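Below you'll find the structure, written out as structure tokens, and then a few comments.
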Number of protein chains: 2
Amino acid sequence: MRITYKTDYALKALLDLAIHYETGVSTINDISRRIDAPVKFMEQVLLDLKKGGFVGSKRGNAGGYSLANEPSKISLGQVVRYIEGPIEPISCVEKGYTNCSDLSRCLFREIWRKVSKATSDIIDNVTFGDLVEQINSKGEGFTYSI
Amino acid sequence: MRITYKTDYALKALLDLAIHYETGVSTINDISRRIDAPVKFMEQVLLDLKKGGFVGSKRGNAGGYSLANEPSKISLGQVVRYIEGPIEPISCVEKGYTNCSDLSRCLFREIWRKVSKATSDIIDNVTFGDLVEQINSKGEGFTYSI
DNA sequence: TCCTTGTCTACTATCTCTATAAACATAGTA
DNA sequence: TACTATGTTTATAGAGATAGTAGACAAGGA
């Protein structure tokens, strides 16, 4: 039931960008250093996040990445689904699945549906705005390790 | 966030054995056929389940597998943890983890801890006895597809 | 033009998943 | 005893995912 490093890095990168939302763009190098991720791997993660519409970029001198939307408009769930894939622990729970011989009679399907819903309820209801707010409410001078 | 086929087969095999709890042992071939799983793969799964203490076996002619405990004593969570591994979506949530620079300051840890707890609350509170009961309460002649 | 930055493609080592195969051990039965 | 049905163990293998690494290229500002 593990998430991958890619998703972990993606979430941390977005939180980093959310923290620096007012500051302007951040370079891949800056982001990688601040969240302690491999630079070349971060390149790919950020490109994926760009394809997903989560971040914008500016090339050339003084270029870098920035959030495409307000932190409060991006939920963790959106990112996890895009980078990691479906939340559902087993494919038969997914919408539109019709391969089982008789879905209505499979007991495990209902279990995994519940797990899927519980997980979604958590990660769909937290935005990067919420996280930044939590950090700020701790007071000045308190630095988070992302 | 997917579980593996191995876990899926393991759960289905145990439910199958729970349904036939009073009947005596079932052979690998019978179980595989009833839950529609590859025989040679089922061998490994059942062997793992035996190591985990979930099933017992009898060799030789008229041998086979049977549940090691009453169906109501085995929860889905026990099996998932043993076959699939930790429920926690990321290692820093696990008990005893001390590798993070500063656990108390990581916001994502709390999110994944919540997801982990929600999942556990579901799968730790369903036993194979519950599932068999659900099947029986549907009345005679109603066959489940496991 | 030069430097800094993002973009894109390719490559690789390692691991996991999902099986399959063959040789072997055990136990009942003819 | 010989035979057969069963579980046991170990090895192997292809496909795919994971977690990176490398290098050439494109764009934009000074």
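Note that the coordinates shown come from a computational prediction; the quantities given were computed from them, not determined experimentally.
No donor-acceptor pair under 3.5 Å is formed between the side chain of B:Ser116 and the backbone N or O of B:Trp112. A side-chain donor-acceptor contact under 3.5 Å links A:Ser137 to the backbone of A:Gln134. A:Asp130 places a side-chain N or O within donor-acceptor distance of the main-chain N or O of A:Thr127, the cut-off being under 3.5 Å. Not one N or O on the side chain of A:Asp16 forms a donor-acceptor pair closer than 3.5 Å with the backbone of A:Lys12.
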So which protein nitrogen or oxygen atoms get under 3.5 Å of nucleotides 12-17 of chain D's nitrogens or oxygens?
none

Contacts under 3.5 Å, N or O only, protein and nucleotides 27-30 of chain D:
from, atom 1, to, atom 2, distance (Å)
D:dA27, O4', A:Arg59, NE, 3.2
D:dA27, O4', A:Arg59, NH2, 3.4

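Checked against a 6.0 Å centroid threshold, the rings of A:Tyr5 and A:Phe41 do not count as neighbours.
Going from atom CG of B:Asn29 over to atom P of D:dG7 covers 7 Å, rounded to whole Å. The CD atom of A:Glu43 sits 11 Å away from the C1' atom of D:dG23 (whole-angstrom rounding). Atom NZ of B:Lys40 and atom P of D:dA11 are 15 Å apart (whole Å). Across the protein-nucleic acid pair, B:Leu47 atom CG and D:dT6 atom P stand 17 Å apart, rounded to whole Å.
Residue A:Asp48 comes nearest to A:Tyr82 through the heavy atom pair O-CE2, 3.3 Å, listed as atom of the first residue, atom of the second, then distance. Scanning both residues, B:Gly63 and B:Thr27, for their nearest heavy atoms gives O-CG2, 3.7 Å.
Across all strands, B:Thr7 comes closer than 4.0 Å to no nucleic acid atom at all (heavy-atom distances). Base engagement by B:Phe41 is indicated by at least one non-hydrogen atom pair under 4.0 Å involving a base atom. Using a 4.0 Å heavy-atom distance criterion, B:Leu46 is classed as making no nucleic acid contact.
For A:Glu43, the side chain to side chain donor-acceptor pair (under 3.5 Å) partners at least two apart in sequence or on another chain are A:Lys40.
B:Leu14 and B:Val25 are not part of a single hydrophobic cluster, where members link through side-chain heavy atoms under 4.5 Å apart. Linking ILVMFWY residues whenever their side-chain heavy atoms come closer than 4.5 Å, directly or via other members, places A:Ile135 and A:Val126 in the same cluster.
Close approach of DNA chain C to chain B, defined as any atom under 4.0 Å from a non-hydrogen atom of the protein, starts and stops at C:dC17 to C:dG28.
Residue pairs meeting the side chain to side chain donor-acceptor pair (under 3.5 Å) criterion with at least one partner in residues 53-63 of chain B, sequence neighbours excluded, are B:Lys50-B:Ser57.
Under 4.0 angstrom from either OP1 or OP2 of D:dT8 there lies at least one side-chain N or O belonging to B:Lys50.
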What do the steps show when you test A:Ile123 against A:Val79 for side-chain contact (heavy atoms from CB on, under 4.5 Å), and what is the final call? CA-CA 9 Å; A:Ile123 64 179; A:Val79 181; over 6 Å; no

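An end-to-end axis angle of 10° holds for the helix from C:dT1-D:dA30 to C:dA30-D:dT1, taken from five base pairs per end and rounded to 10°.
Around atom CG of B:Asp36, no more than 12 heavy atoms belonging to other residues, nucleotides or ligands sit under 6.0 Å away.
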